[in-house]
Every structure is written in C-alpha cells, then in structure tokens.
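Notes follow once the structure below has been shown.
Quick caveat: nothing in here was measured; it's all calculated off a predicted structure. Ligands are counted one by one from 1 in listed order, and the atoms in each one are counted from 1 as well. Each residue takes its place number in the sequence, starting with 1.
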Amino acid sequence: MARPDIAIIGCGPAGMAASMVLARRGFSVIAFDRATKTTTPGEIISQDVRFALSSLNLWTAAQELFPLRVQGRISVWGGEATELDATLDALDGEILLERKDFARFLRDAAVTQGVQLVNDACHLRADTSHSSPSLSWSDPAGRRRTAKVDFVIEATGRSGGTAGLRARHAFDALVGLLVYPDTTGDGGFGTQFLVESAPLGWWYSAPLPGSRSVFALMTDADNLPTGRRARAEFFMRNLQAVPNTRDRYAKTGGRAPDPVVVPSRSSVRLSIGGPNWVAVGDAAVSYDPITGAGVAAAMSKGAAVARLISNEQSFHRAIAQYANAERETLDQYLRQWTAIYALETRWRRQRFWQRRERVRHVPECLRILN
Ligand SMILES: Cc1cc2nc3c(=O)[nH]c(=O)nc-3n(C[C@H](O)[C@H](O)[C@H](O)COP(=O)(O)OP(=O)(O)OC[C@H]3O[C@@H](n4cnc5c(N)ncnc54)[C@H](O)[C@@H]3O)c2cc1C
C-alpha cells in the first residue's frame with residue numbers, strides 16, 4: 001500500500017490519538033478543528049485512559065494535568081423514595097481534569113510528533129465520493145481552502161459530521177445542563193464523585209483541578225424551558241429534589257447559575273465508514289455519560305482504528321473489521337444502559353424513567369459501510 005496522506009477532522013481525544021499513531025508510523029497527517037479550544041465536557045475520566053496515553057508515550061507527561069483523583073464515588077441511585085441507597089463504590093482513582101487543558105496537551109503532543117494542525121477551520125466539508133477525498137474549509141480570514149488526501153478520519157464528536165452519510169440514529173434525547181462554579185481547594189466536598197438520580201433525570205458533580213467544580217443535570221430535551229433565565233430557574237428548582245447535590249452546591253456559594261446546554265444523546269451514525277473514510281469516537285457512536293464510556297474509550301478507539309488502517313493491506317477490510325467491532329460494542333452498551341436505568345425504581349411514573357425501560361436494539365437501518 002502506498003503511504004497515503006490522511007486527514008483527521010476533529011482534534012478531540014479520538015482524533016488526536018489516531019493522528020499520533022499514524023504520524024509515528026510514518027504517515028503524513030493533517031488534522032483540522034473548527035475551534036482552537038474544546039467545549040466538549042467530560043471531566044471525570046476512567047483510569048483506562050492510562051493505556052491509551054501509555055501507548056502514545058504520554059502517560060508520564062500527562063501527570064501534571066491530573067493532580068486530583070476521585071476517592072470514591074457516591075451513587076444515590078435506586079431504593080425506596082425515603083431510603084437513599086448511598087454507597088461508596090470501589091472505583092477509586094478515576095481522574096478529574098480540566099478538558100481544555102487536556103485538549104491543549106493532546107494537540108501540542110500531536111504537533112511535536114509531526115502532525116500538521118489546522119485550527120479554526122470553518123465550514124469544513126469532506127467529499128468522499130471520489131477515490132481521493134477532497135476537503136474544503138474557510139480559514140480565519142474567510143478564504144476558502146482545499147486539499148486532496150487519500151483517506152479521511154472523521155472525529156468530530158457527537159454533534160459534528162463532515163464526511164459520508166451524516167444521518168444518525170438517536171436512542172434518546174438526553175441533554176446536560178452544566179454549571180462550573182468557582183471553588184477553593186476541593187470545594188469542601190472532598191474528591192468524591194457524586195451521582196444522584198431525580199424525578200426528571202439525574203445529576204453528577206465533582207471538584208476539578210484548579211478552582212472550579214462541575215455540576216450537571218442530565219434530563220430529556222423536552223423538559224428544558226427556553227431562555228437562559230428560565231433554564232437557570234429550572235436548574236435551581238430541580239436541585240431541591242437532590243439533597244446531596246444541593247448541599248454540595250451550597251458549599252460553592254450557591255450562586256445563581258448560567259447553565260450551558262450540552263446535547264448528550266446516545267446515537268450511532270447510520271454509516272460509520274466507506275472505502276476512503278471512517279468515523280471514530282463519538283462521531284461514530286456516542287454514549288450516555290452514565291455508563292462511564294467517554295474520553296478513554298474515544299482515545300482507545302481512535303488509536304485502534306489508526307493501527308488497523310495502517311496495518312491492513314486494504315482500507316476496506318480494516319474498516320469492515322472495525323465496523324463489526326463497533327456494532328458489537330453498541331449492542332453490549334444498549335443492554336448495559338437499560339440495566340443501569342432499571343436500578344432506579346423510585347420514579348417509575350416519570351416520563352424520563354419510563355422512556356428508559358424499553359430495551360433498545362442496534363437499528364436495522366445501520367449500514368455501517370457506504
Ligand atoms: C454532558 C456530558 C458529560 C460527559 N462526561 C464525561 C466524563 O465525565 N468522562 C468521560 O470520559 N466522558 C464524558 N463524556 C463523553 C466525552 O465527552 C466524549 O465521549 C469524548 O469527548 C469523545 O471524544 P471525541 O474525540 O470523539 O469527540 P469530542 O471530544 O467531542 O471532539 C470532537 C472535536 O471535533 C471538533 N469538530 C466538531 N465538528 C467539527 C467540524 N465540522 N469541523 C471541524 N472540527 C469539528 C470539535 O471542535 C472537537 O474538538 C461526557 C459527555 C457529555 C455530553
């Protein structure tokens with residue numbers, strides 16, 4: 001196989017892991033992002049990220065980003081209405097990080113390893129209908145640019161889409177309302193990660209390195225009122241239903257929030273690859289944050305796909321292998337997802353919880369390859 005020029009679209013964890021594997025294997029890689037800074041949430045990272053970072057020789061260098069480790073997770077999830085089942089589980093050691101610092105770290109590492117980075121690439125489109133895909137984008141001065149490559153890796157996250165068929169099948173309509181209050185030290189609530197269910201959804205909260213913490217209300221999109229003020233009131237009103245989270249929030253000063261709305265649907269692209277492109281990370285399949293799949297999985301998959309396409313004689317065979325693996329993972333995920341929500345029985349009359357009772361299946365319309 002002649003050495004191809006590979007374009008990565010999206011410089012999140014999946015795209016950067018793929019770019020570094022390919023650059024280290026001698027491919028010439030160009031990576032695009034529409035933004036200089038990431039706005040994707042995900043601050044509580046599974047220890048599994050160690051494997052992905054170690055395989056890229058980045059684990060030691062990344063340590064300074066990880067001064068805080070989760071020491072126990074409190075989950076208030078399940079049980080009778082008056083009895084809270086609060087258990088300290090054994091998942092000690094999850095990493096708490098600032099995503100923007102981690103994103104900068106990965107991008108700097110990729111550049112050091114020879115990846116050409118194009119930040120602020122607007123309106124990027126990848127035409128994969130010819131054997132050599134062509135890319136077009138606008139630079140910060142508004143000039144339209146084009147490039148031809150041999151292969152495209154799409155890593156644009158759950159809301160993106162630039163190559164192939166962009167349609168997705170969604171399994172739910174989950175959204176997050178996220179607030180990042182200032183704190184001093186651990187915010188007075190230790191380094192425990194707290195998950196607490198509520199009639200309209202569930203909450204998570206944790207301290208972050210530096211002087212911030214994260215509080216998120218996860219609910220269905222049709223529960224959200226429109227307008228910033230109405231959303232702030234909705235956040236505060238629903239906080240009253242979760243006493244553990246409410247007490248934590250009070251320790252941050254309890255100020256009126258200005259929540260950010262983050263689409264958080266579980267979804268799958270109807271087609272996750274073709275002869276000259278493939279989607280990885282959330283761009284292929286996105287998961288409910290309750291399952292803990294996220295940054296670590298995106299990095300591992302980005303790196304695994306890059307290894308596959310660099311090892312195989314034909315891109316097509318590599319992508320078919322990857323697509324089958326993704327289908328299996330999705331199938332397992334859907335079963336795990338239903339099982340997690342079934343553990344909470346207190347709010348069975350609530351629409352949010354009723355919607356999660358039905359077992360979901362990998363959709364028939366999933367083409368995987370186009
Ligand atoms: C509310 C919420 C909470 C979460 N919490 C956690 C958590 O605690 N821990 C965890 O591990 N995971 C968490 N996740 C999941 C985690 O954020 C994702 O799984 C992970 O970021 C996926 O990485 P990725 O590289 O696939 O995509 P992303 O991180 O989304 O990166 C995609 C990149 O592509 C760029 N991009 C998008 N569209 C275009 C375009 N058209 N052109 C160019 N560039 C583009 C974006 O700017 C971005 O930099 C959470 C997700 C949500 C929604």
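Neither the backbone nor the side chain of R125 has a heavy atom within less than 4.0 Å of ligand 1. Using a 4.0 Å cut-off between heavy atoms, Y204 contacts ligand 1 through its side chain alone, with no backbone atom that close. The side chain of A298, and not its backbone, has at least one atom closer than 4.0 Å to an atom of ligand 1 (non-hydrogen atoms only; side chain from C-beta on). Of all the heavy atoms of H123, none lies under 4.0 Å from any atom of ligand 1, so neither backbone nor side chain is involved. Looking at D282 against ligand 1, both its backbone and its side chain come within 4.0 Å, counting heavy atoms. At a 4.0 Å heavy-atom cut-off, ligand 1 touches P41 through backbone and side chain alike. Here M16 has no heavy atoms under 4.0 Å from ligand 1, in either its backbone or its side chain.
Checking only distances, G176 never comes within under 3.5 Å of ligand 1, N or O to N or O. Between I44 and ligand 1, at least one N/O pair is under 3.5 Å apart. Residue contacts with ligand 1: R158 is placed with no nitrogen or oxygen under 3.5 Å of a nitrogen or oxygen of the ligand (distance criterion only). Below 3.5 Å of separation, one finds no N or O of P263 facing any N or O of ligand 1. The shortest N/O to N/O separation between F32 and ligand 1 does not fall below 3.5 Å.
There is no path of hydrophobic side-chain contacts, each under 4.5 Å, that joins W337 to V359. In terms of hydrophobic clustering, with Ile, Leu, Val, Met, Phe, Trp and Tyr side chains grouped at heavy-atom distances under 4.5 Å, Y204 and V260 are assigned to a common cluster.
Residue-ligand proximity, R107 to ligand 1, at heavy-atom distances under 4.0 Å covers atoms 49 (O).
Side-chain contact annotation: D288 with Y341, donor-acceptor N/O pair under 3.5 Å present. Under the 3.5 Å distance criterion, with hydrogens and angles disregarded, no donor-acceptor pair is assigned to the side chains of S286 and R265. S213 and Y249 form no side-chain donor-acceptor contact under 3.5 Å, judged by distance and modelled atom types alone.
For atom 37 (C) of ligand 1, the closest heavy atom belonging to the protein is T156 O, 3.1 Å. For atom 25 (O) of ligand 1, the closest heavy atom belonging to the protein is A14 N, 2.9 Å. When hydrogens are left out, the protein atom nearest atom 44 (N) of ligand 1 is R34 N, 3.1 Å; that is the closest non-hydrogen contact. Of the protein's non-hydrogen atoms, the one nearest atom 21 (O) of ligand 1 is R99 NH2, 2.9 Å. From the protein, the heavy atom lying nearest to atom 15 (C) of ligand 1 is G294 CA, 3.9 Å. The protein heavy-atom contact nearest to atom 48 (C) of ligand 1 is D33 OD2, 3.5 Å. Of the protein's non-hydrogen atoms, S264 OG, 3.5 Å is the one closest to atom 1 (C) of ligand 1. Nearest to atom 41 (N) of ligand 1 among the protein's heavy atoms is T162 CG2, 3.5 Å.
The pair R335-D331 counts as a salt bridge, with a side-chain nitrogen and a carboxylate oxygen less than 4.0 angstrom apart. Between D258 and R228 there is a salt bridge, with a side-chain nitrogen of the basic residue lying less than 4.0 Å from a carboxylate oxygen of the acidic one. Using a cutoff of 4.0 Å between basic side-chain nitrogens and carboxylate oxygens, K301 and E326 are scored as salt-bridged. Salt-bridge formation is detected for the pair D220/R355: a Lys NZ or Arg NE/NH1/NH2 atom is positioned less than 4.0 Å from an Asp or Glu carboxylate oxygen.
Among T245, L177, V242, the one residue that satisfies the side-chain contact (heavy atoms from CB on, under 4.5 Å) test with L217 is L177.
Every heavy atom of M299 sits 4.0 Å or more from the atoms of ligand 1. A155 counts as a contact of ligand 1, since one of its heavy atoms falls under 4.0 Å from the ligand. The closest approach between a heavy atom of G10 and any atom of ligand 1 is below 4.0 Å.
Here atom 27 (O) of ligand 1 lies nearest to G157 when heavy atoms of G12, A35, G157 are compared.
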Legend entry - side chain to side chain donor-acceptor pair (under 3.5 Å) assessment of R351 paired with N223: CA-CA 10 Å; R351 205 169 43 172; N223 286 329; 3.1 Å; yes
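Judged by a 6.0 Å distance limit and a 45° cone about the ring axis, R212 is positioned over the six-membered ring of Y180.
Side chains of R358 and T338 form no contact here, defined as non-hydrogen atoms less than 4.5 Å apart. Contact check for F32 versus L117: no side-chain heavy atoms found under the 4.5 Å cut-off.
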